[in-house]
Amino acid sequence: MQISQPVHLAAFRRDPLRIVIDIDGVDLSSVPVRYAVGLYPDIDPAFRSLTLGPTTVPGGDGVRLVSVTYRDGLASSRFEIIASKGLIAALPKAAEPGDDFALAHELGVDALPIADGLTPVETTLFTGTLTIKGSIND
C-alpha cells in the first residue's frame with residue numbers, strides 16, 4: 001500500500017499546488033487522509049509548516065478522494081491534494097532570493113480499513129521532497 005519510492009515534486013511559490021496520486025492495494029474511501037509539509041522528514045506535528053486534511057470540495061484546499069477503482073480485485077485510491085497560492089507562499093523560504101528551498105512532505109493516514117471497521121494505526125503512504133522553486137521576487 002505504501003509507495004516504496006520517495007515522491008519528489010516541485011512547486012512555484014506564487015502558484016497553487018495540485019498533486020494527483022494513486023495509492024494501489026487498498027480502498028481508502030473511509031479513511032481520513034492528511035498531507036503535511038515541514039522542514040525535515042518524519043514530520044513531527046509540532047513542526048509542520050502546512051497540514052491539509054480531508055475535503056470533499058473539488059478545487060478546495062485539502063486532500064480529496066477522487067475515486068476508488070478495482071482491477072483484478074485490487075483497489076486503487078486516487079487522491080487530489082490542493083494547496084492555494086496563499087498557503088504555498090507562506091511556506092519557509094531560502095535565505096537568498098531566487099534560490100530553491102527543499103522541504104519534506106508526506107501523505108498519511110491515522111487508521112487503516114479492516115473487515116469490520118478501522119484500526120487506529122498511523123501510516124505514511126508516501127514521503128519525499130517538495131522543492132519550492134526560487135523566484136527573484138521572494
Side-chain angles (χ1 to χ4, degrees):
M1 173 183 58
Q2 182 178 14
I3 296 175
S4 58
Q5 298 295 318
V7 176
H8 301 299
L9 300 172
F12 293 94
R13 185 168 300 283
R14 301 202 186 310
D15 291 336
L17 172 71
R18 180 176 180 267
I19 302 167
V20 175
I21 193 149
D22 294 321
I23 306 295
D24 295 328
V26 66
D27 177 344
L28 293 171
S29 59
S30 62
V31 178
V33 178
R34 63 177 153 62
Y35 176 73
V37 177
L39 292 174
Y40 308 105
D42 299 323
I43 306 166
D44 183 310
F47 298 103
R48 292 179 180 160
S49 300
L50 172 67
T51 301
L52 297 173
T55 184
T56 57
V57 179
D61 289 335
V63 182
R64 183 173 71 94
L65 178 69
V66 175
S67 64
V68 176
T69 57
Y70 286 85
R71 184 179 204 157
D72 299 326
L74 186 65
S76 180
S77 300
R78 173 167 284 185
F79 290 95
E80 177 183 54
I81 303 165
I82 293 184
S84 66
K85 290 191 283 189
L87 292 174
I88 298 303
L91 291 172
K93 299 178 182 181
E96 294 294 322
D99 287 351
D100 294 349
F101 193 75
L103 296 162
H105 71 146
E106 67 182 28
L107 183 70
V109 297
D110 295 321
L112 291 175
I114 57 171
D116 59 350
L118 296 175
T119 297
V121 175
E122 187 172 321
T123 300
T124 300
L125 302 173
F126 80 70
T127 62
T129 303
L130 176 65
T131 301
I132 305 300
K133 303 303 283 180
S135 166
I136 198 66
N137 298 318
D138 284 346

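Heavy atoms only: backbone and side chains are in, while hydrogens, waters and symmetry mates are out.
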Reported CD1-to-CZ distance for the pair Ile88 and Arg14, which is rounded to 0.5 angstrom: 12.5 Å

Side-chain heavy atoms of Arg34 within contact of Glu106, under 4.5 Å: yes

Asp27 side-chain N/O to Ser29 backbone N/O, donor-acceptor pair under 3.5 Å: yes

Parallel, tilted or perpendicular: ring planes of His105 versus Tyr35, cut at 30 and 60 degrees: perpendicular

Rounded distance (nearest 0.5 Å) linking atom NZ of Lys93 with atom CG of Leu103: 12.5 Å

Non-hydrogen side-chain atoms of Leu65 and Ser77 separated by less than 4.5 Å: yes

4.5 Å side-chain heavy-atom contact, Phe101 and Leu39: yes

Leu107 vs Thr124, side chain to side chain contact (heavy atoms under 4.5 Å, CB included): CA-CA, chis, key distance, verdict: CA-CA 6 Å; Leu107 183 70; Thr124 300; over 6 Å; no

Distance in Å, Ile82 CD1 paired with Thr55 OG1, rounded so as to fall on 0.5 Å steps: 8.5 Å

Smallest separation among heavy atoms of Pro6 and Gly128, with atom names: CB-CA, 4.3 Å

Test item: Arg13 side-chain N/O and Ala89 main-chain N/O as donor-acceptor pair under 3.5 Å: yes

Interatomic spacing from OG1 in Thr69 to CZ in Arg78 - rounded to 0.5 Å: 7.5 Å

No-hydrogen, no-angle side-chain donor-acceptor test under 3.5 Å, Asp22 and Ser76: no

Spacing of NZ belonging to Lys133 relative to CG belonging to Asp99, to within rounding of 0.5 Å: 10.5 Å

Linked, directly or transitively: Val57 and Ile19 (ILVMFWY side chains, under 4.5 Å): no

Ring pair (Phe, Tyr, Trp, His ring centres under 6.0 Å) partners of residues 55-91, not counting sequence neighbours, each pair once: none

Verdict with reasoning, Thr131 to Leu9, per side chain to side chain contact (heavy atoms under 4.5 Å, CB included): CA-CA 6 Å; Thr131 301; Leu9 300 172; over 6 Å; no

Derivation of the side chain to side chain contact (heavy atoms under 4.5 Å, CB included) call for Leu50 and Leu91: CA-CA 7 Å; Leu50 172 67; Leu91 291 172; 3.9 Å; yes

Closest heavy-atom pair and its distance - Ala11, Leu17: CB-CD1, 3.9 Å

Close side-chain approach of Leu125 and Leu28, heavy atoms under 4.5 Å: yes

All pairs passing salt bridge (charged side-chain N to carboxylate O under 4.0 Å, His left out) where residues 56-77 contributes a residue, at least two apart: Arg64-Glu80

Salt bridge (charged side-chain N to carboxylate O under 4.0 Å, His left out) against Asp15, all qualifying residues, sequence neighbours excluded: none

Candidate pair Leu52 and Leu87, rule side chain to side chain contact (heavy atoms under 4.5 Å, CB included), full reasoning: CA-CA 10 Å; Leu52 297 173; Leu87 292 174; 4.0 Å; yes

